[in-house]
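Scroll down for the structure; my scribbles are underneath it.
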Amino acid sequence: MTSTIVSVDWLYNNLDLPNLIILDASLKENQAKALSNFENLRIPKARFFDLKTAFSNINNPLPNSLPSPSQFEQEATKLGISKNSILVVYDNLGIYSSPRVWWLFKVMGFNNVAVLDGGLPQWIKHNYTVEAIPENEIYNLGNFKVDFQQELVKTKHQVERNIIDQKYLVVDARIENRFNGTVKETRVGLQSGHIPKAINIPYTSVLNNYTFLQPEKLKAILKPSSKPIIVYCGSGVTACIIVLAYALIESDNCSVYDGSWTEWGLKKNI
């Protein structure tokens, strides 16, 4: 697969593609308080990608933390994912949590993965078949192997250092009023505001309802940088929407500050 995103028409026409695995990355709850009309439905034969537990470090107090390579490899293997799999990932909000899964696979050194543009809402809009979500499915074990790409993940220490040396452009993917600190953070104990010298590109600005804008419009919004880019958000999920948007304009110099504002906002001095 050479595409970063695929259309619902492409997926429908390639459902019988050998080695294709469809991953459902839908979340039960999200910080945006967005609700789906399709919570109990899935694309036929999609496999649930448990972003909150199986594919997060639940021992880390920060939400949605990057799992260890060994944990990711084990859980991907249990989903039946192999080294030759072709992955298409979607969520039931259109574009929300699915880019996080795309990014996770990139971090783990697997590139044969794409996001379904528009996700389940776009699939249903095109009158393609859906089915009820069953429980406790078990798959034949895959042979997935991790090749961890450390450079795609940034730590708080690296972001702190960048305030001085400015080697990276830091992009905040949260909505404008959170960036400006004019609203109270929804997570308890977090201050309002943003990382010094960061710029704001809200994740909503690169979307048209629940699909990505066309590349020419993305270029006008993203303003490609000569510096490598660090993206953050509230907890590392919607930051990946911006990373994917950069990839759509052939800019692959992005990394994610995985702790994001949930970690940074605990600092005493912003």
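Each residue takes its place number in the sequence, starting with 1.
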Worksheet, complete the sentence: side chain to side chain contact (heavy atoms under 4.5 Å, CB included) with I241: of T204, V206, V115, only one passes, and it is V206

Worksheet entry | ring pair (Phe, Tyr, Trp, His ring centres under 6.0 Å) involving F110 - partner list, sequence neighbours excluded | F105, F144

Worksheet item: According to the interplanar angle, ranging from 0 to 90°, do the rings of F72 and F55 count as parallel (below 30°), tilted (30 to 60°) or perpendicular (above 60°)?
Response: perpendicular

Discussion item. Among I21, L141, V113, N19, which residue satisfies the side chain to side chain contact (heavy atoms under 4.5 Å, CB included) criterion with I81?
Written reply: I21

Fill in: Set of salt bridge (charged side-chain N to carboxylate O under 4.0 Å, His left out) partners for D91, sequence neighbours left out
none

Worksheet entry | Non-hydrogen side-chain atoms of V231 and Y257 separated by less than 4.5 Å | no

Response to the item:
The side-chain contact (heavy atoms from CB on, under 4.5 Å) partners of I199 (sequence neighbours excluded) come to L169, V171, I201

Discussion item. E176: which residues meet the salt bridge (charged side-chain N to carboxylate O under 4.0 Å, His left out) condition with it, sequence neighbours left out?
Written reply: none

Worksheet item: Could R174 and W261 be counted as a cation-pi pair, given that NZ or CZ must be under 6.0 Å from the ring centre and within 45° of the axis?
Response: yes

Worksheet item: Of the non-hydrogen atoms in F179 and A198, which two are nearest, and what is the gap between them?
Response: CZ-O, 3.5 Å

Item to complete: Take atom CG of N140 as the centre, draw a 6.0 Å sphere, and report whether it contains more than 12 heavy atoms from other residues, nucleotides or ligands.
Response: no

Discussion item. Any heavy-atom pair between the side chains of P215 and L248 that's under 4.5 Å?
Written reply: no

Fill in: Heavy-atom side-chain proximity of I133 to D24 below 4.5 angstrom
yes

Worksheet item: Do Y246 and D252 have a side chain donor and acceptor closer than 3.5 Å?
Response: no

Practice prompt. Work out which heavy atom in I195 is nearest to a heavy atom in Y232; give both atom names and the distance.
Written response: N-OH, 3.1 Å

Worksheet item: Is the closest side-chain heavy-atom distance between R42 and L120 below 4.5 Å?
Response: no

Item to complete: Could you grab the distance from atom CD of Q214 to atom CD of E216, nearest 0.5 Å is fine?
Response: 5.5 Å

Practice prompt. Kindly give the heavy-atom pair with the smallest separation between Q158 and V153, and that separation in Å.
Written response: OE1-O, 3.8 Å

Fill in: Residue pair S7 / D117, side-chain heavy-atom distance below 4.5 Å
no

Discussion item. Surrounding NZ of K52 (heavy atoms of other residues, nucleotides or ligands, distance under 6.0 Å), is the total greater than 12?
Written reply: yes

Worksheet item: Closest approach of C240 and G236, non-hydrogen atoms and distance?
Response: SG-O, 3.4 Å

Worksheet item: Is there any salt bridge (charged side-chain N to carboxylate O under 4.0 Å, His left out) pair reaching into residues 69-87, and which pairs are they, with sequence neighbours excluded?
Response: E73-K145, E75-K78

Worksheet, complete the sentence: W103 meets the ring pair (Phe, Tyr, Trp, His ring centres under 6.0 Å) criterion, sequence neighbours left out, with none

Item to complete: Determine whether more than 12 heavy atoms belonging to other residues, nucleotides or ligands lie under 6.0 Å from atom NZ of K227.
Response: yes

Worksheet item: Heavy atoms, side chains only, cut-off 4.5 Å: are V88 and I43 in contact?
Response: no

Item to complete: For Y12, look at atom OH and say whether over 12 heavy atoms of other residues, nucleotides or ligands are found less than 6.0 Å away.
Response: no

Practice prompt. Run the numbers on D50 and K28 for salt bridge (charged side-chain N to carboxylate O under 4.0 Å, His left out), then give the verdict.
Written response: CA-CA 10 Å; D50 187 354; K28 296 294 184 183; over 6 Å; no

